[in-house]
Protein chains: 2
Amino acid sequence: MATLKQPTGIDVARLAGVSKSAVSRAFTGGSVSDEARQRIFDAARELRYRPSQAARSLKTNRSRLVGLAVTHLDNQFYPEVIERISDTLAIEGYRLVLFITRGEAELEPVIYELLGFSLDGVILASGAFAARVAHECVEAAMPVIMFNNIDKSSQIPGVSADNTLGGETVARHFIERGHKRIAVITGVADSSTSKDRTEGFCRAVSGAGLPMPTLVNGNYTVEGAAEAMNALLARPDAPTAVFCVNDHMAFSAIGACQQAGVQPGRDIAIAGFDNVGIAGWPSFALTSYAQPVTAMIERCVSRLMAEIGGQADDTGTECIPGKLIIRQSSDFHVP
Amino acid sequence: MATLKQPTGIDVARLAGVSKSAVSRAFTGGSVSDEARQRIFDAARELRYRPSQAARSLKTNRSRLVGLAVTHLDNQFYPEVIERISDTLAIEGYRLVLFITRGEAELEPVIYELLGFSLDGVILASGAFAARVAHECVEAAMPVIMFNNIDKSSQIPGVSADNTLGGETVARHFIERGHKRIAVITGVADSSTSKDRTEGFCRAVSGAGLPMPTLVNGNYTVEGAAEAMNALLARPDAPTAVFCVNDHMAFSAIGACQQAGVQPGRDIAIAGFDNVGIAGWPSFALTSYAQPVTAMIERCVSRLMAEIGGQADDTGTECIPGKLIIRQSSDFHVP
DNA sequence: GTGAAAGCGCTAACAG
DNA sequence: CTGTTAGCGCTTTCAC
């Protein structure tokens with residue numbers, strides 16, 4: 001039963017024959033004699049005592065909880081990121097509270113909750129509308145940082161891959177392999193990731209004197225990407241290379257190609273972005289621009305910790321270069 | 001800055017010209033006159049006031065936080081489950097605190113944290129050693145329920161698919177298609193899921209008068225499953241059908257087959273378990289026993305809520321039947 | 001329907 | 001090094 005009375009610091013103090021402050025000190029690293037400490041810990045173990053976080057939070061104004069807002073998790077990039085952020089935060093003694101968002105409709109309640117759960121800080125990895133949530137957090141003096149999707153136009157702290165560079169890098173790869181008819185399957189229109197990747201890509205393509213790539217919106221969904229790919233294949237001037245602005249869509253595009261009898265890596269070059277685990281599976285062998293996830297998370301967490309520690313973060317937006325991983329899906333020259 | 005003073009109930013009370021008790025009532029659904037309520041909410045909005053969860057928790061002994069322990073998330077089943085649990089809990093006003101575990105080594109700290117974070121309850125979906133954590137929770141009077149991996153030998157609340165039935169169902173499917181040389185790639189040895197699925201499968205196979213399936217341990221990992229599959233293919237009496245006890249390993253097995261020039265759905269039948277999203281992708285078209293995720297989560301959450309509400313849960317372990325989804329990877333008859 | 005008052009369990013001065 | 005004391009912000013009797 002949940003109603004069984006938990007022991008308090010007083011119970012422990014009594015059993016150990018000390019004051020409750022001594023107990024508190026023992027558990028917070030204050031100065032206690034070794035002997036007292038020993039008695040306290042023994043008593044605590046006996047009573048199965050653990051300091052109540054609720055009371056502690058009330059006093060210290062710290063919950064050791066960080067909120068993480070993400071969109072739905074079928075894009076494998078997010079589970080990977082969640083796992084790594086969780087690990088990194090755990091080292092600092094923090095835990096993640098999950099807020100899975102599904103779109104604009106849920107905006108208000110999410111903000112309300114994010115701010116209501118007495119979190120120490122918030123990481124926003126949730127795509128398009130995150131910027132608005134971020135502003136609310138700033139207003140409410142809640143430490144916040146945007147991850148992956150950022151808002152360059154504001155001073156809101158953010159960490160992302162260098163998406164523009166990533167787009168460029170993929171473009172250059174296509175160009176080197178002799179492609180001339182090139183397309184890109186874009187993501188949700190107002191996400192910074194899609195915009196930047198597409199922009200970098202297009203700039204490099206036209207900079208090389210090639211015609212502007214055909215852009216089709218895949219909306220960051222499996223269905224959208226499949227449709228986009230089919231539309232591309234149906235064109236009289238079908239592209240020989242297509243850049244999907246994330247791997248999630250690239251997998252779907254590959255599937256669409258296969259169904260149409262077009263073989264990626266031979267008949268058409270496909271590249272993605274994120275380099276999620278699946279990209280390396282032999283069934284896909286997807287060329288992908290790898291986000292520097294480790295570095296991104298390291299920066300994200302340490303900046304958030306600094307904010308929580310009271311240091312204002314005026315670093316703004318930070319873009320870290322990644323690395324192109326070339327695999328079979330694009331590793332050939334056009335004739 | 002994190003240090004900006006947040007408004008308290010007193011501030012709101014003062015601005016609204018009422019007592020702080022009135023403010024509290026307004027926010028907890030107590031009886032307040034409409035007029036007062038209006039003034040209070042107006043004042044709260046103006047001050048950007050939100051009741052502090054920490055203080056509330058201290059008083060009510062409820063945090064509206066539920067812990068979720070899971071192993072690493074590369075098995076796509078878990079992200080799917082997390083997302084759904086998060087949604088279901090959100091309806092009840094609860095949020096998920098994530099504890100990503102990585103094995104026995106981390107057992108103690110995880111327990112300590114799980115119990116230390118003043119959670120209202122805990123969901124254990126974390127595989128093999130979850131049972132020990134569960135017992136600790138029970139001892140500590142922390143409402144707990146095991147999900148997916150359960151412990152039938154104890155009275156610890158648990159919800160899972162009917163894994164035995166699932167294994168049987170897959171076996172029957174193979175048998176109907178005329179397979180005689182059958183193998184299974186198993187998971188971590190002491191996980192109830194792997195044991196039950198394998199057991200149900202083997203029982204049905206030998207019940208049909210066929211020789212016992214060859215068992216190879218894939219350890220629930222991509223690498224393990226690939227090795228297992230390769231070992232299977234190398235045998236003189238290589239199987240014509242293999243059951244992978246989860247989809248995660250099945251994908252890897254499919255990859256291994258393809259690399260060996262053996263085509264799933266034609267040369268060999270492959271089936272998985274979980275029916276994760278990817279299973280339906282054309283690149284895999286994996287036959288899989290679908291876990292009844294919706295029902296499982298519904299039961300899991302409502303039982304946990306009951307426990308949190310103070311009702312002892314003596315339902316024990318609960319297994320819900322799923323459904324076989326037949327796809328190309330196994331949809332053929334042996335000659 | 002409303003306010004006053006008493007804590008929830010803890011930490012952090014403060015004095016010894 | 002140790003105990004006493006005063007709250008953290010809220011909910012909740014209890015009178016009115």
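Here the structure is a predicted model, which is why all the values come from computation and not from measurement. Chain naming here is simple, since letters A, B, ... match the order of the sequence lines and numbering starts at 1 in each.
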Check: Ring centroid separation for A:Phe27 and A:Tyr49, is it under 6.0 angstrom?
Finding: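 Yes, close enough.
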
Counting any heavy atom closer than 4.0 Å, what does [X] reach on the DNA or RNA strands: base, sugar-phosphate only, or nothing?
{"X": "A:Ala54", "value": "nothing"}
{"X": "B:Ser24", "value": "base"}
{"X": "A:Val32", "value": "sugar-phosphate"}
{"X": "B:Thr28", "value": "sugar-phosphate"}

Measuring from the side chain of [X] (C-beta onward, heavy atoms only), which nucleotide among [options] has the closest atom?
{"X": "B:Arg25", "options": "C:dT11, C:dA6, D:dC14", "result": "D:dC14"}
{"X": "A:Ser33", "options": "C:dT11, D:dC8, D:dC1", "result": "D:dC1"}
{"X": "A:Lys59", "options": "C:dG3, C:dG9, C:dG7", "result": "C:dG9"}
{"X": "A:Lys20", "options": "C:dT11, C:dG9, D:dT2", "result": "C:dT11"}
{"X": "B:Ser19", "options": "C:dG3, D:dC10, C:dC10", "result": "C:dG3"}
{"X": "B:Val18", "options": "D:dC8, C:dG3, C:dC10", "result": "C:dG3"}
{"X": "A:Ala22", "options": "C:dG9, D:dC10, D:dG3", "result": "D:dG3"}

Are a donor atom and an acceptor atom from the side chains of [X] and [Y] found within less than 3.5 Å of each other?
{"X": "A:Ser160", "Y": "A:Asn148", "result": "no"}
{"X": "B:Asp120", "Y": "B:Ser63", "result": "yes"}
{"X": "A:Gln38", "Y": "A:Asp42", "result": "yes"}
{"X": "A:Thr294", "Y": "A:Arg84", "result": "yes"}

Margin query: If you assign each of B:Asp34 and A:Thr8 to its closest nucleotide in DNA chain C, which residue comes earlier from the 5' end?
Written below: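 Looking at DNA chain C, the more 5' nearest nucleotide goes with B:Asp34.
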
Next item on the list: Name the residue closer to the 5' end of DNA chain C, choosing between B:Gly17 and B:Leu58 according to the nucleotide with the nearest heavy atom.
Entry: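 Taking each residue's closest nucleotide, the earlier one in sequence belongs to B:Gly17.
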
Check: Between the base of C:dA4 and the side chain of B:Ser21, is there any donor-acceptor pair under 3.5 Å?
Finding: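 Present.
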
Rounded to whole angstrom units, what separation is found between the [atom1] atom of [X] and the [atom2] atom of [N]?
{"X": "A:Gln6", "N": "C:dG9", "atom1": "CD", "atom2": "C1'", "answer": "12 Å"}
{"X": "B:Arg56", "N": "C:dG9", "atom1": "CZ", "atom2": "C1'", "answer": "18 Å"}
{"X": "A:Arg14", "N": "C:dG9", "atom1": "CZ", "atom2": "C1'", "answer": "13 Å"}
{"X": "A:Phe27", "N": "C:dC10", "atom1": "CZ", "atom2": "P", "answer": "9 Å"}
{"X": "A:Arg62", "N": "D:dC8", "atom1": "CZ", "atom2": "C1'", "answer": "14 Å"}

